[in-house]
Amino acid sequence: MAQGLAIAVNNFMTDSIINTITSGQQLILASQSPRRRELLTQLGYQFTVRVSDIDETVEATETAHDYVLRLAKLKAQHVLRLLPKAEQANSHVLGSDTCVVLNGQILGKPVNEADCLKTLSLLSNNQHQVLTAITLASQTSVQGQVISTQVTFKALSKAEIHAYWLTGEPQDKAGSYGIQGIAGQFVKSINGSYSAVVGLPLYETAQLLAKAGFIGAINAK
Ligand SMILES: Cc1cn([C@H]2C[C@H](O)[C@@H](COP(=O)(O)OP(=O)(O)OP(=O)(O)O)O2)c(=O)[nH]c1=O
């Protein structure tokens with residue numbers, strides 16, 4: 001039974017297992033992203049996953065910084081509100097959002113190959129920012145922050161971008177690339193948090209969770 005439980009958590013086969021920590025609080029990750037699940041697992045936290053369903057439209061006047069922070073908050077708060085009332089009081093929900101920014105312009109996930117080509121042509125032989133926000137929401141508080149990382153790409157040819165599109169990797173990723181995958185070879189340098197680019201900044205997330213009383217494989221404090 002204990003082994004079965006561990007396998008279920010490790011494989012994220014279920015989101016119905018409630019992992020209660022010493023403080024009596026359960027941790028929930030509000031994300032459909034397999035990368036975020038893997039990164040949080042890497043630190044040894046026990047958590048369940050619930051997917052948020054929010055409108056991700058950028059508001060006319062908001063900056064990229066305000067946008068990712070607002071979305072990370074919305075994702076966490078949305079999942080918290082969906083919980084049964086009795087569970088809300090003993091839950092903390094972690095939400096996150098990542099976007100790629102070039103000269104203030106937000107480059108989201110590609111809608112098709114032409115969009116991917118447009119985005120990667122802009123990133124080619126250029127430096128951009130990746131902004132990732134993390135938010136931890138409970139019934140009584142919402143804590144969050146934005147982590148900014150500079151990434152420099154080599155020059156990309158049209159043929160290379162086409163071949164990359166065909167791999168299927170860019171489709172579900174902000175800025176049309178995954179640094180942890182094939183696109184790792186596009187990256188000449190990075191200044192900041194690698195895990196934040198992948199979707200969940202490990203240092204800042206561990207600090208945030210430690211403040212709320214959550215302990216992973218080791219205590220982050
Ligand atoms: C830039 C970059 C982004 N990404 C991913 C991280 C995020 O999953 C995704 C950005 O989209 P998000 O909207 O931040 O996340 P998501 O839709 O995948 O998941 P959810 O909203 O449910 O949490 O792009 C990479 O995996 N590698 C990269 O190098």
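Just so you know, residue 1 is the first one in the sequence shown, and it goes up from there. When reading the values below, keep in mind they use all heavy atoms of this one structure, side chains included, and skip hydrogens, waters and symmetry mates. Whatever order the structure lists ligands and atoms in, that order sets their numbers, starting from 1.
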> At the 4.0 Å heavy-atom cut-off, does Val51 count as touching ligand 1?
Replying inline: no
> So which protein heavy atom does atom 3 (C) of ligand 1 come closest to, and at what separation?
Replying inline: Val197 O, 3.5 Å
> Do side-chain atoms of Gln180 reach the backbone of Val198 as a donor and acceptor pair under 3.5 angstrom?
Replying inline: no
> atom 1 (C) of ligand 1: which protein heavy atom is closest, and how many Å away?
Replying inline: Ala174 O, 3.5 Å
>> Can you give me the closest heavy-atom contact between Ala89 and Gln139, atom names plus distance?
In response: CA-OE1, 3.4 Å
> Within the side chain of Gln88, is there an N or O that forms a donor-acceptor pair under 3.5 Å with the backbone of Leu80?
Replying inline: yes
>> Counting C-beta onward and ignoring hydrogens, is there a side-chain heavy-atom pair between Leu69 and Asp97 closer than 4.5 Å?
In response: no
> Heavy atoms only: which of Arg36, Gln180, Glu56, Arg35 is nearest to atom 15 (O) of ligand 1?
Replying inline: Arg36
>> Quick check on contacts: which atoms of ligand 1 are under 4.0 angstrom from a heavy atom of Gly178?
In response: 27 (N), 28 (C), 29 (O)
>> Show the atoms of ligand 1 that are less than 4.0 angstrom away from any heavy atom in Asp97.
In response: 12 (P), 13 (O), 14 (O)
> What are the atoms of ligand 1, with element, lying closer than 4.0 Å to any heavy atom of Thr98?
Replying inline: 10 (C), 14 (O)
> Closest non-hydrogen protein atom to atom 6 (C) of ligand 1, residue and atom name please, with distance?
Replying inline: Val198 O, 3.3 Å
>> Under a 3.5 Å distance rule, please check whether Thr152 uses its side chain to pair with a backbone N or O of Lys188 as donor and acceptor.
In response: no
> Just heavy atoms, cut-off under 4.0 Å: does Gln32 contact ligand 1 by side chain, backbone, both, or neither?
Replying inline: both
>> Can a donor-acceptor pair be found, under 3.5 Å and without considering hydrogens, that links the side chain of Asp115 to the backbone of Val111?
In response: yes
> Taking atom CG of Leu200 and atom OG of Ser193, what is their separation to the nearest 0.5 Å?
Replying inline: 9.0 Å
> Closest non-hydrogen protein atom to atom 21 (O) of ligand 1, residue and atom name please, with distance?
Replying inline: Lys75 NZ, 2.5 Å
> Does Asp172 come within less than 4.0 Å of Arg35, counting only side-chain N to carboxylate O?
Replying inline: yes
>> Give me the nearest non-hydrogen protein atom to atom 16 (P) of ligand 1 as residue plus atom name, then the distance to 0.1 Å.
In response: Lys109 NZ, 3.5 Å
> Who's the nearest protein heavy-atom neighbour of atom 29 (O) of ligand 1, and how far?
Replying inline: Ile179 N, 2.7 Å
> Ser33 heavy atoms, cut-off 4.0 Å: which ligand 1 atoms fall inside?
Replying inline: 8 (O), 18 (O), 19 (O)
>> Would you say that Trp165 contacts Gln171 through its side chain, given a criterion of any heavy-atom pair below 4.5 Å between the two side chains?
In response: yes
